[in-house]
Amino acid sequence: MATFVDAAGEHADADSAPSMRTSRSDFHGHSGEVHLEDSRRPGREPHEVGRRRSSCAVTWRGSREPLLCAGSVRDVPIYVRKTAYDSDWNLDFSEVEIALNLDFLGVENDPVTEPIPNQRRSRLVTKTEEALIAPIPTGTRRWVQGRHHLHGKATAVIGMRRAGKTTFLHQVRRDLLASGARREQLPYVNFEDELLVGMPATSLGILVEEHFRRCPDLRGKATVTWCFDEIQVVPGWERFVRRLLDSENIDVFVSGSSAAMLSREIATAMRGRAWEVVIHPFSFREFLAHRGEPAPAPDALLDSASRSRLERAFQEYLTTGGFPEAQGLEPASRFQLLRDYVDVAMMRDVVERHRVSNVVGVRWLMRHLLGNAGGTFSVEKFYRALRSQGISIARQTVHELVGHLQDCFLVRALWMETDSERQRMANPRKAYPIDPGLIPVFDRTGRANVGHALETAVLIELERRRCEVTYVRTPDGFEVDFFAKQATGELELIQVCADASDPVVAARELRALAEAGKAYPAAARRLLLATRDGLPADVPVGIQAETVYEWALRSGEPA
């Protein structure tokens, strides 16, 4: 049975038992409650898990067309489909259908076929037509280290909001077209469409069947590469994609917001059938390409004029950052745009997704981490600072919030390198934003800190190269910014400094590398500077000193 409690507190019973579905949902809005009872187990709520209860808040819209009501059952999403109204636009409860998300709880069951509204079917057919004839958009080419596809797996394109995931999908399509694929083999569908909100995964089959109806010669004879953008809005999309991989000659690329496509969740939902590709904001190479300036070849000899232009461009990159939409904007507009990015990531990817009630605490934490790039962060100190301001928050909550900010790619946090898990937990982490352009937006000192921007650029470049990164603190108290471990097993100690032309500064930075090198003798040692003029006069044997932009442009071959 399903009992609906409306906003006025009045109850009404639905005549039919709830139907069970395998779909995931992420709805919003609060107006009334729904209480479910499993008709197969009278008096009991369906699939109780711990203290989770099958009750939720729902919202409905005034329309005479059958639409989905939005809601969430704490940790168990559900939806309500309205099918009739009385003259006052109230639900006719005798025709309310409620679906419980069993797949979210890990309960296997067969999907229930639902009649597809004509409006939705028509929209899906239209999208199929557009997928065949719409021109493939162009954009600045993105470079991804290593493979971006593995046979038999769906490629999940993830990353910070507005970093360029959709552009990368179209880049994949253009590359396949250039390699000889037919246009009909490269359909693209964006599910960010109000007519498709709440659409179950069972409706996705219309796209594939309609496509093969229009191109029957492709089925079983040629590989069709489907690109599904913002697919996280479709509950249960993972099962649909797994079925395609198993039953058709199809490659699949999916992308979506970082809120709904976390690495660990995709791996679990796809049962090992996903291949992850992370898209970051522009690297310096991509920044130059976006401006139409060719990057010099690795180790190319540059004249003084060319080097000056390159250093000037790199300084602009450190200030502007790598978000595509931020390029070419004046500072005031750029700051507003980047603040909007951060606010959306914080509210949708942290507060809404994880049901965080302490919004004030999240905002303080976010501003602290983004405003102190490269600084050490201690949960205990931050916890005490909040309490001193009268903000109530638990230590464990602070730990969780830092993890949420990392999950949405807003912040990157580094642990200290050590073999001892206890020592690792006892030492503070270092935090960086996902892009150097965020630093001046949230820095409250009013001083341009080139060193922090340099460190951020180096860290994100190491992530692009898929390195495991920590920082090193020696027993004598010397600190090296990054300890990078490549997949090949190569180790590298990297110290970043804006200017080491001063002998005192050079001695301090080089000694830190030398001391860390004693603890990690197999690691290469590198000192990275902002400009050529900042190089130290004397560099010891075994340490390579160069500019960050020279090092960044040697980023390997693009995929």
Side-chain angles (χ1 to χ4, degrees), residues 318 368-382 402 406 411-434 436 439 443 445 447-463 465 467-486 490-530 534-536 538-540 542-548 551-552:
L318 293 179
H368 176 81
L369 295 178
L370 296 182
N372 296 276
T376 56
F377 172 76
S378 166
V379 169
E380 182 63 30
K381 289 182 179 179
F382 183 77
V402 173
Q406 290 191 89
V411 170
R412 319 315 289 154
L414 301 185
W415 294 100
M416 190 182 80
E417 177 64 25
T418 177
D419 294 332
S420 169
E421 182 67 18
R422 181 178 179 180
Q423 187 178 6
R424 184 176 74 96
M425 296 296 293
N427 282 274
R429 282 172 279 184
K430 293 176 65 176
Y432 296 87
I434 190 63
I439 295 175
D443 179 43
T445 65
R447 302 188 304 270
N449 194 320
V450 178
H452 290 170
L454 281 173
E455 289 182 36
T456 301
V458 170
L459 172 61
I460 303 306
E461 182 60 35
L462 289 171
E463 285 200 1
R465 301 180 186 188
C467 295
E468 180 183 340
V469 188
T470 54
Y471 74 94
V472 172
R473 181 172 293 165
T474 69
D476 294 331
F478 293 98
E479 188 174 294
V480 173
D481 295 317
F482 305 115
F483 183 53
K485 304 175 184 178
Q486 300 183 21
E490 297 178 19
L491 306 177
E492 191 168 19
L493 290 162
I494 299 176
Q495 188 76 322
V496 181
C497 179
D499 188 344
S501 58
D502 185 328
V504 176
V505 175
R508 181 183 67 238
E509 304 295 342
L510 293 172
R511 184 177 179 184
L513 277 173
E515 291 296 321
K518 295 177 183 178
Y520 304 98
R525 290 170 290 172
R526 191 182 302 275
L527 177 64
L528 298 179
L529 293 308
L535 292 174
D538 296 309
V539 180
I543 296 179
Q544 182 176 355
E546 61 182 329
T547 63
V548 173
W551 170 81

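The figures that follow rest on heavy atoms only: side chains count, while hydrogens, waters and symmetry mates do not.
The CZ atom of Arg424 lies 14.5 Å from the CZ atom of Arg422; values are rounded to the nearest 0.5 Å. Note: Thr470 OG1 to Lys485 NZ = 5.5 Å, rounded to the nearest 0.5 Å. Between the CG atom in Leu454 and the CG atom in Leu529 there is a gap of 8.5 Å [rounded to 0.5 Å]. Taking OH of Tyr471 as the start and CG of Leu459 as the end, the distance is 13.5 Å to the nearest 0.5 Å. Atom CG of residue Leu414 and atom OG1 of residue Thr376 lie 12.0 Å apart, to the nearest 0.5 angstrom. Here the CZ-CZ distance, from Arg429 to Arg412, works out to 12.5 Å after rounding to the nearest 0.5 Å.
Here the closest non-hydrogen pair linking Ala545 and Pro536 is CB-CD, 4.5 Å. Closest heavy-atom contact between Cys497 and Leu527: CB-CD1, 4.4 Å. Ala506 and Ala500 get closest at one heavy-atom pair: CB-O, 3.3 Å. Across every non-hydrogen atom of Val411 and Ala431, the tightest pair is CG1-CB, 4.3 Å. Pairing each heavy atom of Leu318 with each of Ala457, the nearest pair is CD2-CB, 4.0 Å. Among all heavy-atom pairs drawn from Ala373 and Thr456, the shortest one is CB-OG1, 4.2 Å.
With Val480 as the fixed residue, the side chain to side chain contact (heavy atoms under 4.5 Å, CB included) test singles out one of Thr474, Ile494, Leu493: Leu493.
The ring-ring contact (aromatic ring centres under 6.0 Å, His included) analysis of residues 496-517, with sequence neighbours excluded, yields no pairs.
Under the 3.5 Å distance criterion, the side-chain polar atoms of Asp476 are left unmatched by any main-chain donor or acceptor of Phe478. Put simply, the side chain of Asp443 never gets that close to the backbone of Ile439: no donor and acceptor are under 3.5 Å apart. With hydrogens and angles ignored, the 3.5 Å screen pairs no side-chain donor or acceptor of Glu509 with any backbone N or O of Val496.
A search for ring-ring contact (aromatic ring centres under 6.0 Å, His included) contacts involving Phe482 returns Tyr432, not counting sequence neighbours.
Taking 4.5 Å as the limit, some side-chain heavy atom of Val548 sits within range of a side-chain heavy atom of Val458.
Environment of CD in Gln486: crowded, with over 12 heavy atoms of neighbouring residues, nucleotides or ligands closer than 6.0 Å.
One finds no salt bridge joining Arg465 and Glu492 here, because no Lys/Arg side-chain nitrogen approaches an Asp/Glu carboxylate oxygen to under 4.0 Å.
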* To do: Dump the intermediate steps for side-chain contact (heavy atoms from CB on, under 4.5 Å) on Leu528 and Gln495, then the final yes or no.
  => CA-CA 6 Å; Leu528 298 179; Gln495 188 76 322; over 6 Å; no

Could you list the donor-acceptor pairs under 3.5 angstrom formed by side chains in residues 514-524, with sequence neighbours left out?
from, atom 1, to, atom 2, distance (Å)
Glu515, OE2, Lys518, NZ, 3.3

